[in-house]
Amino acid sequence: MMAAEMTRPLIARLPPVRGRLSENAPLAQVTWFRVGGPAEILFRPADLDDLARFLAAKPRDVPVTVIGVASNLLVRDGGVPGVVVRLGRGFVDITTDGTIVTAGAGALDLNVALAAGLAGIAGLEFMCGIPGTVGGGLRMNAGAYGREFKDVLIDAEALDGEGRRHTLAAAELGLSYRHCDVPEDWIFVGARFRGEAGDKDAIGKRMAEIQTAREATQPIRARTGGSTFANPPGEKAWELIDRAGCRGLRHGGAMVSEQHTNFLINTGDATAADIEELGEEVRRRVRERTGIELRWEIRRIGRPLPGGGA
Ligand SMILES: Cc1cc2nc3c(=O)[nH]c(=O)nc-3n(C[C@H](O)[C@H](O)[C@H](O)COP(=O)(O)OP(=O)(O)OC[C@H]3O[C@@H](n4cnc5c(N)ncnc54)[C@H](O)[C@@H]3O)c2cc1C
């Protein structure tokens, strides 16, 4: 690439779009943790075609990161270089047909569960307890109350890094516990889920039970990223963290939740570095105490502030 090309502002090197491209766009306010630096460019595609054309035409060296509603995400304080894609209105449609629910990747899991319930489709109730989008749920194989995306997925649609469209049968996603085999630069744009015929009242009751159980066990109104670490085989991360004496542990404005020790909390003025460093301290203490290496479930993106910690 020519040196002059490299020095042009990134936005001037990007193809025209019908959606919105914003420079230096704050991200903290759209994350659950409410921390982190800006996106160098935030792209909100108008629809699938807009996103596909953009991916096909953008310069190869420009990194692209997709986010959902950032309920499983720690954006580092120095922000995210390149383009951050956030799926908006063009990706939130949900339709039902018999016992099949089709949803855009930007749709909230809660809305998928509600739409299924209204149509008398049982089996997707667990989604009402996951505060993310369909796209984030596919990437994380999100799950709760004994079910996960893997159990209900028929197929998913995705765009690869060059904007080509692929339909993947559920087995092709290689979903396992909080894991998906699909290349990291692919963007999910929609999915189909299968439930079974059910009774609307019973479905509504099950969803209410799930909401009540969540309120009782998780700090769902806090600034958090959900479960911080994946459960190691045969172990519960929260128990290991508790045994290592980390309940209520603080670092800067970050704290290990008292209510659920696998949740980290921004108590008000935390930086992303506070949260990441606290997570690393928890990993260190658990390793020392139990010999077990915890794996981050929360995705960390972007770069630290120059001279900053994490
Ligand atoms: C209070 C609370 C409770 C939670 N409870 C649960 C729970 O019970 N079970 C559970 O599994 N999780 C839980 N989570 C975590 C989180 O809600 C899930 O992981 C959810 O699936 C993340 O979706 P998201 O849209 O917020 O994704 P984000 O957090 O925005 O992104 C997560 C990952 O998915 C990728 N991604 C997002 N959209 C797409 C897309 N369209 N295509 C490709 N990749 C994409 C991102 O690049 C990132 O790597 C909880 C979180 C909170 C804050």
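Atoms within each ligand, like the ligands themselves, are counted from 1 in listed order.
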**Student:** Check the side chains of Q218 and H260 for a donor-acceptor pair under 3.5 angstrom, ignoring hydrogens and angles.
**Tutor:**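 Checked: H260/Q218 side chains show no N/O donor-acceptor pair below 3.5 Å.
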**Student:** Show the atoms of ligand 1 that are less than 4.0 angstrom away from any heavy atom in G137.
**Tutor:**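 Answer for ligand 1: 21 (O).
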**Student:** Using a 4.0 Å heavy-atom cut-off, say whether R214 meets ligand 1 through its side chain, its backbone, both or neither.
**Tutor:**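 Answer for R214: side chain.
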**Student:** Give the single entry among G132, S257, P131, A105 that approaches atom 4 (C) of ligand 1 most closely by any heavy atom.
**Tutor:**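 Shortest heavy-atom distance from atom 4 (C) of ligand 1: P131.
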**Student:** Could you list the atoms of ligand 1 found under 4.0 angstrom from a heavy atom of M140?
**Tutor:**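 Reading through ligand 1 atom by atom, the close ones are 19 (O), 33 (C).
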**Student:** Considering distance alone, does some N or O of F263 sit under 3.5 Å from an N or O of ligand 1?
**Tutor:**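 F263 vs ligand 1: no N/O contact under 3.5 Å.
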**Student:** Give the residue and atom name of whichever protein heavy atom lies nearest to atom 31 (O) of ligand 1, and the separation in Å to one decimal.
**Tutor:**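 Scanning the protein heavy atoms, the shortest distance from atom 31 (O) of ligand 1 goes to L73 CD1, 4.0 Å.
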**Student:** Hey, are the side chains of N266 and T224 touching, using non-hydrogen atoms and a 4.5 Å cut-off?
**Tutor:**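 When only atoms from C-beta onward are counted, T224 and N266 do not touch, as no gap falls below 4.5 Å.
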**Student:** Any N or O of P219 that comes nearer than 3.5 Å to an N or O of ligand 1?
**Tutor:**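 Such a contact does not occur with ligand 1.
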**Student:** Measuring from atom 13 (C) of ligand 1, which candidate in V85, V30, I130 has the nearest non-hydrogen atom?
**Tutor:**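 Answer by nearest heavy atom: I130.
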**Student:** According to the interplanar angle, ranging from 0 to 90°, do the rings of F126 and F149 count as parallel (below 30°), tilted (30 to 60°) or perpendicular (above 60°)?
**Tutor:**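 Plane angle over 60°, so perpendicular.
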**Student:** Counting from 1, what ligand 1 atoms have a heavy atom of R178 closer than 4.0 Å?
**Tutor:**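 With R178 as reference, the close atoms of ligand 1 come out as 11 (O).
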**Student:** Should the proximity of F188 to ligand 1, defined as any heavy atom under 4.0 Å, be assigned to the side chain, the backbone, both, or neither?
**Tutor:**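 Within the 4.0 Å criterion, F188 contacts ligand 1 through backbone and side-chain atoms alike.
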**Student:** Using a plain distance cutoff, I'd like to know if D109 has any nitrogen or oxygen under 3.5 Å from a nitrogen or oxygen of ligand 1.
**Tutor:**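 Checking ligand 1 against D109, no N or O pair falls under 3.5 Å apart.
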**Student:** Which is closest to atom 34 (O) of ligand 1 by heavy-atom distance: R223, H260, R139, R299?
**Tutor:**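 The residue whose heavy atom sits nearest atom 34 (O) of ligand 1 is R139.
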**Student:** Within a strict 4.5 Å, meaning less than it, do heavy atoms of the T65 and V85 side chains meet?
**Tutor:**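 No, side chains not in contact.
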**Student:** Is it true that E280 and R284 have a side-chain N and a carboxylate O under 4.0 angstrom from each other?
**Tutor:**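 R284 and E280: not salt-bridged.
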**Student:** Would one find an N or O of E184, backbone or side chain, under 3.5 Å from an N or O of ligand 1?
**Tutor:**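 No, there is no polar N/O contact under 3.5 Å.
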**Student:** Return yes if some donor-acceptor pair links the side-chain N/O of R192 with the main-chain N/O of A103 below 3.5 Å, else return no.
**Tutor:**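 Answer holds: no.
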**Student:** Using distance alone, decide if ligand 1 has a nitrogen or oxygen within less than 3.5 Å of any nitrogen or oxygen in T65.
**Tutor:**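 In fact, backbone or side chain, T65 has no N or O that close.
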**Student:** Which atoms from ligand 1 have a heavy atom of A70 less than 4.0 Å away?
**Tutor:**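 So the atoms of ligand 1 that pass are 26 (O), 28 (P), 29 (O), 30 (O).
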**Student:** Determine, for E258 against R247, whether the closest basic-nitrogen to carboxylate-oxygen distance falls under 4.0 angstrom.
**Tutor:**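 The answer is no: the pair does not qualify as a salt bridge.
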**Student:** Is D61 salt-bridged to R13, cutoff N-O under 4.0 Å?
**Tutor:**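 A salt bridge links D61 with R13.
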**Student:** Check this for me - ligand 1, V69, N or O atoms closer than 3.5 angstrom, yes or no?
**Tutor:**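 Looking only at distances, the answer is yes, because the N/O contact criterion of under 3.5 Å is met.
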**Student:** When you compare the side chains of D160 and H166, does any donor N or O come within less than 3.5 Å of an acceptor on the partner?
**Tutor:**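 There is such a pair between these side chains.
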**Student:** Need the ligand 1 atom indices (1-based, order shown) with element for anything under 4.0 Å from a heavy-atom of G68.
**Tutor:**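 Going through ligand 1 atom by atom, the ones under 4.0 Å from G68 are 25 (O), 28 (P), 30 (O), 37 (C), 38 (N).
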**Student:** Please classify the V189 to ligand 1 contact at 4.0 Å (heavy-atom distances, strictly less than): side chain, backbone, both or neither.
**Tutor:**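 Neither; no heavy atom under 4.0 Å.
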**Student:** Are any of the N/O atoms in V66 less than 3.5 Å from those in ligand 1?
**Tutor:**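 Such a contact does occur with ligand 1.
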**Student:** Identify whether the distance between the nearest side-chain nitrogen and carboxylate oxygen of R89 and D47 falls below 4.0 Å.
**Tutor:**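 No salt bridge links R89 with D47.
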**Student:** Check each of T228, N72, V182 against atom 19 (O) of ligand 1 and report the one with the nearest heavy atom.
**Tutor:**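 Of the listed residues, N72 has the closest heavy atom.
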**Student:** Is any side-chain heavy atom of T290 less than 4.5 Å from a side-chain heavy atom of R243?
**Tutor:**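 Sidechains of R243 and T290: in contact.
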**Student:** Looking at atom 20 (C) of ligand 1, what's its closest protein heavy atom, distance included?
**Tutor:**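 Of every protein heavy atom, S71 OG, 3.8 Å lies nearest to atom 20 (C) of ligand 1.
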**Student:** Please list, in number order, the atoms of ligand 1 under 4.0 Å from a heavy atom of A142.
**Tutor:**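 It comes down to these atoms of ligand 1: 11 (O), 21 (O).
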**Student:** Could you tell me whether the side chain of T102 reaches within less than 4.5 Å of the side chain of D97, counting heavy atoms only?
**Tutor:**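 No; the side chains remain at least 4.5 Å from each other.
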**Student:** Below 4.0 angstrom from a heavy atom of W186, which ligand 1 atoms are there? Numbered from 1 as shown, please.
**Tutor:**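 Atoms satisfying the 4.0 Å criterion: 43 (C).
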**Student:** Do the side chains of R303 and R76 get nearer than 4.5 Å, heavy atoms only?
**Tutor:**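 The answer is no, as the side chains (C-beta and beyond) never meet within the 4.5 Å cut-off.
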**Student:** Provide, to 0.1 Å, the distance between atom 38 (N) of ligand 1 and the closest protein heavy atom, together with that atom's residue and name.
**Tutor:**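 For atom 38 (N) of ligand 1, the nearest protein heavy atom is G136 N, 3.4 Å.
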**Student:** What's the shortest distance from atom 25 (O) of ligand 1 to any protein heavy atom, and which residue and atom give it?
**Tutor:**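 The closest one turns out to be T133 OG1, 2.6 Å.
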**Student:** Under a 4.0 Å N-O cut-off, is there an ion pair linking D201 with K205?
**Tutor:**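 Not counted as a salt bridge, because no side-chain N and carboxylate O are separated by less than 4.0 Å.
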**Student:** From atom 8 (O) of ligand 1, work out which of G226, A222, G143 has a heavy atom at the shortest distance.
**Tutor:**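 Selected option, by shortest heavy-atom distance: G143.
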**Student:** May I ask you to identify the nearest protein heavy atom to atom 3 (C) of ligand 1, giving residue, atom name and distance to one decimal place in Å?
**Tutor:**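 Answer for atom 3 (C) of ligand 1: Q218 OE1, 3.4 Å.
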**Student:** What I'd like to find out is whether the side chain of R86 reaches to under 4.5 Å of the side chain of L42, using heavy atoms alone.
**Tutor:**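 Yes, their side chains come closer than 4.5 Å.
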**Student:** Kindly indicate whether a cation-pi arrangement holds for R300 with W296, taking the cut-offs as under 6.0 Å to the six-membered ring centre and within 45° of the axis.
**Tutor:**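 Flagged: R300 positioned over aromatic ring of W296.
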**Student:** Considering the heavy atoms of I187, write down every atom of ligand 1 situated less than 4.0 Å from one of them.
**Tutor:**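 Here the atoms of ligand 1 in question are 42 (N).
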